Each structure stands twice: as structure tokens, then as C-alpha cells.
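Notes follow the structure.
Proteins get letters first, then strands, A, B, ... in listed order; numbering begins at 1 in each. All values derive from a computational prediction rather than experimental measurement.
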There are 2 protein chains.
Amino acid sequence: MTEPSRPRRGENLDITHKRGKPTLRTIATIAGLAVTTVSRALSDAPQISLETRQRVHRIAREIGYLPDRAAQRLKTGRTNVIAILLDSHEEVVGFSTSIMYGIAKALKETSYHLVVAPNFLSTTDVEAAEYIVRNHLADGLIFTRTEPLDARVRLLFETGFPFICHGRTEFSTPHPYVDYDNFTFAYEATRRLIAKGRRKVAVILPPKRLTFCQHILHGFMTAVREAGIAYEIPETVDLDTPADVLRDCICSRAAAPDAPDGFICPGEVSALAVISGMSDAGRTLAVDYDIVAKETSRLLTQLQPKVDTIHEDLTAAGEDLGRMLLQRINNPDAEDLHLLLPPQINFPIG
Amino acid sequence: MTEPSRPRRGENLDITHKRGKPTLRTIATIAGLAVTTVSRALSDAPQISLETRQRVHRIAREIGYLPDRAAQRLKTGRTNVIAILLDSHEEVVGFSTSIMYGIAKALKETSYHLVVAPNFLSTTDVEAAEYIVRNHLADGLIFTRTEPLDARVRLLFETGFPFICHGRTEFSTPHPYVDYDNFTFAYEATRRLIAKGRRKVAVILPPKRLTFCQHILHGFMTAVREAGIAYEIPETVDLDTPADVLRDCICSRAAAPDAPDGFICPGEVSALAVISGMSDAGRTLAVDYDIVAKETSRLLTQLQPKVDTIHEDLTAAGEDLGRMLLQRINNPDAEDLHLLLPPQINFPIG
DNA sequence: GCAAAAATTTAAAACGTTTTCATTCCTCGA
DNA sequence: TCGAGGAATGAAAACGTTTTAAATTTTTGC
């Protein structure tokens, strides 16, 4: 072992640079090394001797060196940013927030950050995605509320831009996604109503253009047909219908003799609206009718009488989305990643 | 008028650069100008002749030039990013999302983007802010849920980092903020209950460490004292208490003979929990007791019987926050900016 | 011992802007 | 006709990093 090499005399002059902020050059000067070597040492490149690597790391820590993201970005072309398209629909139960929490969790300890790009400011939903891609504002993109033939999926696929979506499409090529098993949600929800003795069930569907509307419809219809009972699908309202309109609709329908006595509500607001509308019509929950609702919060669990709920954990979904997008960015040719999250059913099934 | 100068022969050779993406140099080559001139023309610097400016702009548009943010950022030291600290408390009614929408609205048409920094990943709330400042991740910071002596405010003030918060502090120096007039909310809410004939009112307070808790308390107490009626302030629960715990608390209190017959609920979830808890105790809304609630959504307006609400428009607040932070960034020495937003009262006052 | 190979380290160019300072080209007054 | 002064443009350096290719030192094989 020779004694550790140290800065030769007279080399550590120009320590403090222009604006005091330590850079690679600062470290290089202190250590008596070339900037190149320092850069390599910090990024743990293989050719650097262990001793040098350790020394550089130590100095960096001591003087509080932080790499300049702008310079890294300029040089490498990587932004270290992933973006999420904030959707324009009424976000009453913190849909986006929950997902963002999950994503942020997955991004922790990485060098990535999350920027939000609200697509409600663009005229079409694909425009916001296009903006991200063209301006290279991020290395990857996450978005929600997919449609069967989603213009965003096509755009991103064509441009080879890394992405993952919450929800599936029918895009011919398989694409990465995280989705919730809405078929099972609707299937088990419907069976629950039937098990409770309800004989005419209705479902509030999401807007028809969204893929998961089909999944819910499919689950619903499967259970209904298996049991051979009556059903109803309101045509004039959907999950995005303002709550008061939905309430009025439910209320006027409830007056008729052949009104449904069971409701599937894939969201908190729709559940409240249905309860409210039925109440207007003089019907009592758990007596005259039942509800099974999907909730992403814990809002409904406190209602009285208790509503049967199936939970969707959006933060967990966000965490998967973030994790899988990072994989995708670092290895675009990896085999296709997708995930179907199981519903958490808060009532006895069987 | 001489004929417009045009690229001299043989100068427009190296149009397409390395990776096809047009840069200032591409434009310069096409226009037969220096990169410097093009840069100035695009940023509408004064010394450039009108004709050159227009020509450069036209070429830029034609070839689809987009400035490289990383290079701009490296050179100028400005990130063109503002950050918002996502708070860790249960976001059941889309608090952050609404604010972010507003901010994004204010940022549209500017060159700024919004990144979210969840502070729930740090151990202390000031840590996330520190991280932003130290890594120079943004040019300005927005955060919510301020405390009277807020460590974030102090940190940002000391470092001279531009910021604005949603809510006030008691920091000795005046600081920029957007706040909601919670005094008036509580005052008018309490008066409404009294006007309805209620004789013992209670208020669910926010966590005591938050500044706006004091404002609500003050408004409440003022109205109560003016009317000289009884009141009650639950000590063991607050606005962040899980809904089921709050419900149980309300329920057990409702059993006593001296239970309150009026409640101020500064949030949707607490309102639902109170209704639910009272219902457990056999009390009927609008008959045995009344509620006045603050809502940031339209969730409660559909309840039956109707609950009196006072609305807080968080998207509008976000828009103000964004706008004012930008002002702050561009002119740090501008006189102090603050804004107190009036409650929107959805019942007749008098 | 000596050339070749391996292990380290380094110089220099590049990423795409902005900015400082110089240069050119007019116009105009004396 | 000359130079001053202003308007318009340009050359070059700089921001802080990564990367290519080359240089240096050390190790190895024989």
C-alpha cells in the first residue's frame, strides 16, 4: 500500500466558484483530480479505483455538493421528470390526489420528480399529452380514464414515448397499464344485492366512452343473467352527471311501481345522490332498497344505515403506476407490464 | 424600401443538426444570421430590427422550433417551475386537487410548470421545503395549512426564496398569502344556527396548531357572546379526526340532556360524521338539531334534508396563489401581497 | 527486463442557450 | 469629407455536466 495520493501543492486555489455553489470543478480542485474523474467517481463508474471513489464521495458530502439538474438534463437529454395528466372531471373525492400520493411514494429515493399537467386547459385530451412529448417536458407520462380507442395511447405509442395508464384500452398492440378489476367489482356487487333479496337491480354506469364502463357493464350483466333477475340501466345519467341531476332522476324513477330495489354505485357521490333521491321519494335505505358502492375514500363507511362497499385503493395503484413507469423508462423494450388490482370487498361474499 | 435581406448563397448547408431537433443554430443557418441575433429576435429584445424579428419568428414557426428548457435553465439559473407541497392529511374532498387546478390555470400561457412535492414523505414539514430550496427545484413555492409560527415561512423568508401560502401565520414580518375569511365563515354560520332558534351550539375545530383554527374559534366565540347563548367546544376531536371516531364521539355526547342542538362543521366529512353520529343517537337533522357546514365541493348540497352551507372556492384561491407567486418571483421587492377571500354564503343572512 | 495488456486518469468537445463586449454599417451634422 | 453616434448584428465565453478518445500509470505474461 502506498500512501493515499493527495492534492499536489498549489492546486487547490480556485475552490469557491462564481456563485459559491460547489460544482464538480470545486471537488476536482480540492481532490487534485480532473472533473472527468470526479464525475465518474460520483456516478460509480467502474473504471475508478475504490480509493478515489471513496475520497470523492467524502469531499462531495463535506462541501455539500449537489449536482445541477439543468446541466445533467442538457447533457443527457433526460429530464428526470414524469408527468401526470390531471383530468378535468369533478374531483370530489380526491381521485387524482390519491394517485399522485402513490406515484410520489414510488418516486421517493429516485432522482425523479412529478409534474402535473392539467389537460382541462387543452381543447382535446390528446393535446396535453402532445404538449408534453413535443416539449420533452418529461421522460414518461401517466394518465387516467382511458377509452377503448384512446388517442393518447396511440400518440404515445407512435412516438415511442414511455407511458403507463390507469385503465385499459383496446389498442391493438398490448400496452402497459394498471387497472382495477371493475368486472369483479360489478359482479360481486350485483350478487350481493341479489343475495340480499333484491329483485330488480340498476347500475349507474361511467360515461360510455370510458373503457371501464364496459367492464362494469359486463360484470353487472353476468351476475344478472346468472340469477335471471330483472335489471335496469339508466340511459340519461352517468357517473359524471352532477349529483343534483342524478338525485332528481333517481327520485322521479323511484315513484314508479317497477322501480329498482337495488343499486350499484361506482363512486361515493353517486351513492349519496341515489340515497338522497330515494329518500326524496320516500324510500328507506336497507328497507325498501339496498346499495353497493365503490369507494376510494372512507366516506361511505360512516353512513347510517351502513352501505355495503367495495374499496379501490388508488394510492396503491399510483405506487404501481410510478414503479412500472420507471421500469419502462429505463428499459423500454422490457416485456409488457400490466397489473389488474383486485377489489377489496367489505362484506361477506359467497 | 430595399428588398428584404435573405440568406446568402451557400450558407444554409448544415440545417439538420445531430438529432433532427431544430435549435437556435438551425434557425441562424437558415436565416443567415448569428445565433445571438436569433436568440434576441425570439425574445423580442429591443435592438433587433422589426424585419429581422419577424423573419426569425416566421422561420421558427415553420420549422417547429421549441427552446430547450434545460439549456435555458442552465444559462439563466431560472427553473421555470413552481412547486406545491402536497399535504399529508386525508384528502377526501380533493383539497389539493382543487388548488392545483387553480394554480395550473394561472400558469397557463406562462412558461411555468407545476411540480408536486409531497411532504408526507419527509419527517418534518419543513424538510420538504428545504429540499426544494437546496436543490433549487423550483423558482417559487406554494404550501397550505399554515401554523402561527410556521417553520416553512421562516425558512423561506430567511433564504429569500419566493413563496406564498394558503393561510396566514403570525410571523413578525408580513408575508404573502391567500387566505379564506374563516372568521366570517364561523361568525355567520353561528348566527345562522342562532337565527334558527338553536340554543346550544358546538363547533368542530381544525387541529389547534393551525392558524385558521384560531380564526374559526374567534368568529364562533364572537357570535356566541353577542347572542349570549350556550356553546360547546369538543376537546378530544378535531377536523382531522377519522370520521368514524368523530361519529362515535358525537353519538355518545348526543345522549346527554345538555347536548348541543347546533353544529358548525368546517368540512364535508365532519358534517357527514356529525349527521351520522346524531342519527345513531336518534336525533333528526332539521328537527332536533341543525348544521352549518363549509364545503369546498358540492357534496352536501344534495343531502336531504338540506344542510346550510358556506362555500369555499379552492380553485379560485389556487388561481390567486399562482398569479401572486409569479408576481413575487418577477419582482421580489414588490410590496407585500395578500388576499382575504370572502365566504360564499348559501343561505339568507340578516 | 520488456512489450503488451489492463487499469486508471485526463483533456477536450459537446449539449443549447444567454450575455458581454466588440464590430459593422449607416446617418448626419459640421 | 470626416468623425461621432446610434442602430443592428456578430464572436466568443460561459452555465455544469457527460462522454469520447487519448494519455498515463500499473500490472501481467513470458
Within the structure, does a side-chain N or O atom of B:Ser39 lie under 4.0 Å from either OP1 or OP2 of C:dT17?
no
On the 0 to 90° scale, with breaks at 30° and 60°, tag the B:Phe95-B:His166 ring pair as parallel, tilted or perpendicular.
perpendicular
Of B:Thr37 and A:Pro22, whose nearest nucleotide on DNA chain D comes first from the 5' end?
B:Thr37
How would you label the contact of A:Thr76 with the nucleic acid (heavy atoms, under 4.0 Å): base, sugar-phosphate, or nothing?
sugar-phosphate
Quick one: B:Asp68 CG to D:dT17 P, roughly how many Å, whole number?
17 Å
Can you tell me if A:Arg53 has over 12 outside heavy atoms packed within less than 6.0 Å of its CZ?
yes
Quick one: do A:Arg154 and A:Leu149 satisfy side-chain contact (heavy atoms from CB on, under 4.5 Å)? Show the steps, please.
CA-CA 8 Å; A:Arg154 184 165 28 190; A:Leu149 295 167; 5.5 Å; no
Among A:Ile27, A:Asp44, A:Thr52, whose side-chain contact (heavy atoms from CB on, under 4.5 Å) with A:His57 holds?
A:Asp44
In this structure, how many angstroms lie between the C1' atom of D:dA13 and the CZ atom of A:Arg25, rounded?
12 Å
Length of the CZ-C1' vector between A:Arg73 and D:dT19, whole Å
20 Å
With the side chain of A:Val35 defined as its heavy atoms from C-beta on, choose the nearest nucleotide among C:dG16, D:dG10, D:dT17.
D:dT17
Find the distance between CD (B:Glu127) and CD1 (B:Ile132) and round it off to the nearest 0.5 Å.
12.5 Å
Rounded to whole angstroms, how far apart are CZ on A:Arg53 and C1' on C:dA7?
13 Å
Verify the contact: side-chain N or O of B:Thr52 to OP1 or OP2 of D:dA8, cut-off strictly under 4.0 Å; return yes or no.
no
Polar atom pairs (N or O), protein with nucleotides 20-25 of chain D, under 3.5 Å:
residue	atom	partner	partner atom	Å
D:dT20	O4	A:Arg40	NH2	3.0
D:dA21	N6	A:Arg40	NH2	3.4

Interatomic distance, B:Leu24 CG vs C:dT17 P [rounded to whole Å]:
4 Å
Counting side-chain heavy atoms from C-beta on, which of C:dA11, D:dT17, D:dA8 comes nearest to A:Lys75?
D:dT17
To the nearest angstrom, the CG-C1' distance between A:Leu42 and D:dT19 comes to 16 Å
Anything under 30° is parallel, anything over 60° is perpendicular, the rest tilted; go ahead and classify B:His175 against B:Phe171.
perpendicular
Would you say that more than 12 heavy atoms from the other residues, nucleotides or ligands in this model lie under 6.0 Å from the CZ of A:Arg134, or not?
no
Atom CD of A:Glu51 and atom C1' of C:dT8 are separated, to the nearest Å, by 12 Å
C:dT18 OP1/OP2 closer than 4.0 Å to side-chain N/O of B:Gln72
yes
Using whole Å, report how far CZ of A:Arg78 lies from C1' of D:dT17.
12 Å
